[in-house]
Amino acid sequence: MSNKTLRTVHELLQHDFITEQEVPSLDKLSQIYAIAISPEMVNLIQTTDDPIGLQYIPHPEEAITHPDELNDPIADEALSPIPGIVHRYEDRVLLKPLLICPVYCRFCFRREQVGPDNGLLSDQQLENALQWIENHSQIQEVILSGGDPFILSPRRMKHIIETLNQIPHVTTIRIHTRVPFSAPSKMTAELIDSLESDKALWVVVHANHPKEFTPAAYQVIKTLIKSGIPLLSQSVLLKNINDDVETLESLLRHFVKWRIKPYYLHQLDKAPGTARFYVSIDKGRQLLSALRGRVTGLAWPTYVLDIPGGHGKVPLGPDYFNPQTPHSVLDPNHKIRQI
Ligand SMILES: *Cc1c(COP(=O)(O)O)cnc(C)c1O
């Protein structure tokens with residue numbers, strides 16, 4: 001059993017995760033996207049092209065930017081008044097305590113690049129971001145988002161939660177994370193204790209494949225639930241990982257079984273180098289429609305697209321209202337029914 005996070009191309013080669021021939025291109029790639037495969041994921045990878053290997057092992061094709069891929073596909077930068085804050089919707093705001101991805105999740109639907117200092121906001125920048133939230137009374141919900149907030153020290157997390165607790169107009173805190181699945185040993189009791197909050201605190205966990213549901217992840221999820229934290233899920237629709245009905249069904253059923261309510265299934269953002277995971281929207285809609293009626297309604301996520309250019313997230317259906325003929329809908333088998 002490995003107990004070390006792999007961080008270099010050389011270590012990937014030692015584990016037979018890559019070939020000699022791939023070394024030069026991956027050396028270059030690692031200048032842009034940091035390498036980090038947690039010990040848990042190292043142990044879970046059986047072959048380089050299994051659903052875990054595909055997600056966590058860097059691939060030379062990621063250096064290729066296709067013409068329709070954008071550096072900042074959802075225009076987070078344009079919507080950022082100060083470092084650490086992304087404000088797109090009136091009532092809620094993203095607080096990103098890490099400016100770049102710490103890559104415990106390495107492959108997100110939104111790629112963030114390697115930077116100095118692991119991308120941590122400085123103490124002053126964090127105070128400024130929290131002050132910005134205090135000064136904007138329309139903000140009701142603060143969403144801690146990636147880089148993964150659970151990479152923060154318990155001390156820093158506690159400070160953020162305590163400060164938000166004291167801002168009267170903030171009613172809800174939400175944390176988006178992949179750490180419970182991708183690096184469960186990072187979820188220490190101290191870190192979970194730091195989430196103690198007077199305000200409603202929701203956690204949205206990210207997993208893309210049933211194989212990610214390990215006993216170690218289950219212990220973390222159980223502890224979060226015992227702490228009274230409601231859990232939601234997000235997943236990204238990814239080619240060769242979860243783009244078939246059986247895998248998607250199993251993934252969603254695993255969430256429900258673990259008391260996690262499926263929230264979003266994301267259409268992949270067209271970030272540079274992600275083409276090898278691209279699934280068409282048409283296929284996504286077909287997959288969702290194949291699940292309608294087949295799985296419990298509890299398992300049903302909203303399939304969403306973050307519109308390129310920063311225009312927000314919208315559901316992509318499938319839809320059952322029949323605009324051609326008023327007073328009719330499609331049933332789960334696509335037969336027209338009068339209503
Ligand atoms: C995704 C996102 C949110 C949260 O959207 P919900 O639909 O409420 O989950 C908020 N702000 C920004 C900038 C986002 O990208």
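Both ligands and their constituent atoms are indexed starting at 1 by order of listing.
- Within the structure, ligand 1 has R174 among the residues with a heavy atom less than 4.0 angstrom away.
- Defined by atom type and a distance below 3.5 Å, a donor-acceptor pair is missing between the side-chain atoms of H209 and Q55.
- Clustering of Ile, Leu, Val, Met, Phe, Trp and Tyr side chains at separations under 4.5 Å places L330 together with Y320, I336.
- For R92, every heavy-atom contact with ligand 1 shorter than 4.0 Å involves the side chain, none the backbone.
- Note on D148 versus R178: no salt bridge recorded, every NZ/NE/NH1/NH2 to OD/OE distance being 4.0 Å or above.
- For the side-chain hydrogen bond (donor to acceptor under 3.5 Å, both in side chains) test, residues two or more places apart in sequence or in another chain that qualify with Q131 are N135.
- Below 30°, between 30° and 60°, or above 60°: for F213 and H254 the angle between ring planes is between 30° and 60°, a tilted geometry.
- Only the side chain of I143 comes within contact range of ligand 1, with a heavy atom under 4.0 Å; no backbone atom does.
- Ligand 1 places these atoms under 4.0 Å from at least one heavy atom of V86: 13 (C).
- A pairwise comparison of heavy atoms in L288 and W300 identifies O-CH2, 3.0 Å as the closest pair.
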Inset, instruction - Tell me, with the steps shown, if K158 and D193 meet salt bridge (Lys or Arg N to Asp or Glu O under 4.0 Å). - result: CA-CA 8 Å; K158 194 168 181 263; D193 285 348; over 6 Å; no
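- Listed by number with element, the atoms of ligand 1 under 4.0 Å from a non-hydrogen atom of L94 are 10 (C), 11 (N), 12 (C), 13 (C).
- Counting atoms of ligand 1 from 1 in the listed order, those under 4.0 Å from a heavy atom of R88 are 13 (C), 14 (C), 15 (O).
- Only the side chain of K313 comes within contact range of ligand 1, with a heavy atom under 4.0 Å; no backbone atom does.
- Under a 4.0 Å criterion applied to the non-hydrogen atoms of Y263, ligand 1 contributes the atoms 6 (P), 7 (O), 8 (O), 9 (O).
- Ligand-side atoms of ligand 1 in range of Y264: 6 (P), 7 (O), 9 (O), range being under 4.0 angstrom from any heavy atom.
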